[in-house]
Amino acid sequence: MKINELKSTLTSNKKNKRRGRGSGSGLGKTSGRGVKGQKSRSGVSINGFEGGQMPIYRRLPKRGFKNPFKIKIQNINFNTINNLIKKHKLDPKEIKEDELFNKKIFKKSRGFLKLLNVGKLDNTTNLEISYASKKAIEYLEKNGGTIKLTKK
């Protein structure tokens, strides 16, 4: 093996061609834009232009509505709480929503947590959570636990 046969395993050392730096650079004068016309000028973008044909974004119908004020909510139930206590060794006496986000059990970007009345709870639990259904609150309090809602 000779030194000229060595190849870099990381990235290529090839320099980008600098446009508009004289005829010797290979991309001088018009810098590969051709001659005259709208596309040869700087600051021009003709995105979506289809040569006079009606563009696709105008041919297709407008559909739907995206509410910018929508509140993202993740559902959590008693079965999930039981599994979390076993799997992540959480203290059943005190479970907080922030703790679940900090331990990366739930992703905060997917929204707040809402407790739903699904399944049975193994032990009494004190919860601090954003939202909860009425039946879930009733069941939790009947089971001897307390719930504190941070949002309403």
### Task
Carefully, step by step, assess Ile95 and Ile129 under the rule side-chain contact (heavy atoms from CB on, under 4.5 Å).
CA-CA 8 Å; Ile95 297 176; Ile129 201 164; over 6 Å; no

### Task
Mind running side chain to side chain donor-acceptor pair (under 3.5 Å) on Asn126 and Thr146 for me, showing each step along the way?
CA-CA 5 Å; Asn126 299 328; Thr146 58; 3.0 Å; yes

### Query
Given the rule in the side-chain contact (heavy atoms from CB on, under 4.5 Å) test, do Lys120 and Asn143 qualify, once you have shown the distances and angles that lead to the verdict?
CA-CA 10 Å; Lys120 301 282 180 248; Asn143 226 28; over 6 Å; no

### Task
Let me see the working for Asn75 and Thr80 under side-chain contact (heavy atoms from CB on, under 4.5 Å), right down to the final yes or no.
CA-CA 10 Å; Asn75 294 334; Thr80 340; over 6 Å; no

### Message
Does Ile76 form a side-chain contact (heavy atoms from CB on, under 4.5 Å) with Phe106? I'd like the steps, not just the answer.
### Response
CA-CA 10 Å; Ile76 184 173; Phe106 289 97; 3.9 Å; yes

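Looking at Phe78 and Leu115, their side chains come closer than 4.5 Å, going by heavy atoms from C-beta outward. In this structure, the side chains of Thr150 and Glu97 come closer than 4.5 Å at one or more pairs of heavy atoms. Between Lys148 and Leu127 the shortest side-chain heavy-atom distance does not fall below 4.5 Å. For the pair Thr124/Leu140, no side-chain contact is recorded, criterion being any heavy-atom separation below 4.5 Å from C-beta on. In this structure, the side chains of Lys103 and Leu90 come closer than 4.5 Å at one or more pairs of heavy atoms.
Arg18 approaches Ser25 most closely through the heavy-atom pair O-OG, 4.0 Å. Nearest heavy-atom pair across Pro55 and Gly48 is CB-O, 3.5 Å. Smallest separation of non-hydrogen atoms from Gln74 and Lys107: NE2-O, 2.9 Å. Across all their heavy atoms, Asn79 and Asn77 have their closest contact at N-OD1, 3.1 Å. Among all heavy-atom pairs drawn from Leu100 and Leu113, the shortest one is CD1-CD1, 3.7 Å.
Val44 and Phe49 end up in the same hydrophobic cluster when Ile, Leu, Val, Met, Phe, Trp and Tyr side chains are linked at under 4.5 Å. In this structure, Leu121 is not a member of the same hydrophobic cluster as Val118, with clusters built from ILVMFWY side-chain heavy atoms closer than 4.5 Å.
More than 12 heavy atoms of other residues, nucleotides or ligands lie within 6.0 Å of CD1 in Ile73, so this atom counts as buried by the packing criterion. Other residues, nucleotides and ligands place no more than 12 heavy atoms under 6.0 Å from the CG atom of Asn16. In this structure, Ile46 places its CD1 atom where more than 12 heavy-atom neighbours from other residues, nucleotides or ligands lie under 6.0 Å away. Residue Arg21 places its CZ atom among more than 12 non-hydrogen atoms of other residues, nucleotides or ligands, all under 6.0 Å distant.
Atom-to-atom distance recorded for Met54:CE and Leu60:CG is 12.0 Å, nearest 0.5 angstrom. Note: Lys135 NZ to Lys142 NZ = 9.5 Å, rounded to the nearest 0.5 Å. Separating the CD atom in Glu138 from the OG atom in Ser133 is a distance of 9.0 Å, to the nearest 0.5 Å. Atom CG of Asp91 is separated from atom NE2 of His88 by 15.0 Å, given to the nearest 0.5 angstrom. Distance check: Lys17 NZ to Ser31 OG gives 11.5 Å after rounding to the nearest 0.5 Å. Note that NZ of Lys86 is 11.0 Å distant from CG of Leu84, once rounded to the nearest 0.5 Å.
Sorted by first then second residue, the salt bridge (charged side-chain N to carboxylate O under 4.0 Å, His left out) pairs that include residues 39-54, not counting sequence neighbours, are Glu50-Arg59.
In this structure, Phe112 and Tyr131 have perpendicular ring planes: the angle between them is above 60°, well past the 30° mark.
Considering only residues two or more places apart in sequence or on other chains, Lys96 meets the side chain to side chain contact (heavy atoms under 4.5 Å, CB included) condition with Glu94, Glu99, Glu128. Qualifying side chain to side chain contact (heavy atoms under 4.5 Å, CB included) partners for Asn67, counting only residues two or more places apart in sequence or in other chains: Phe65, Phe69, Lys70.
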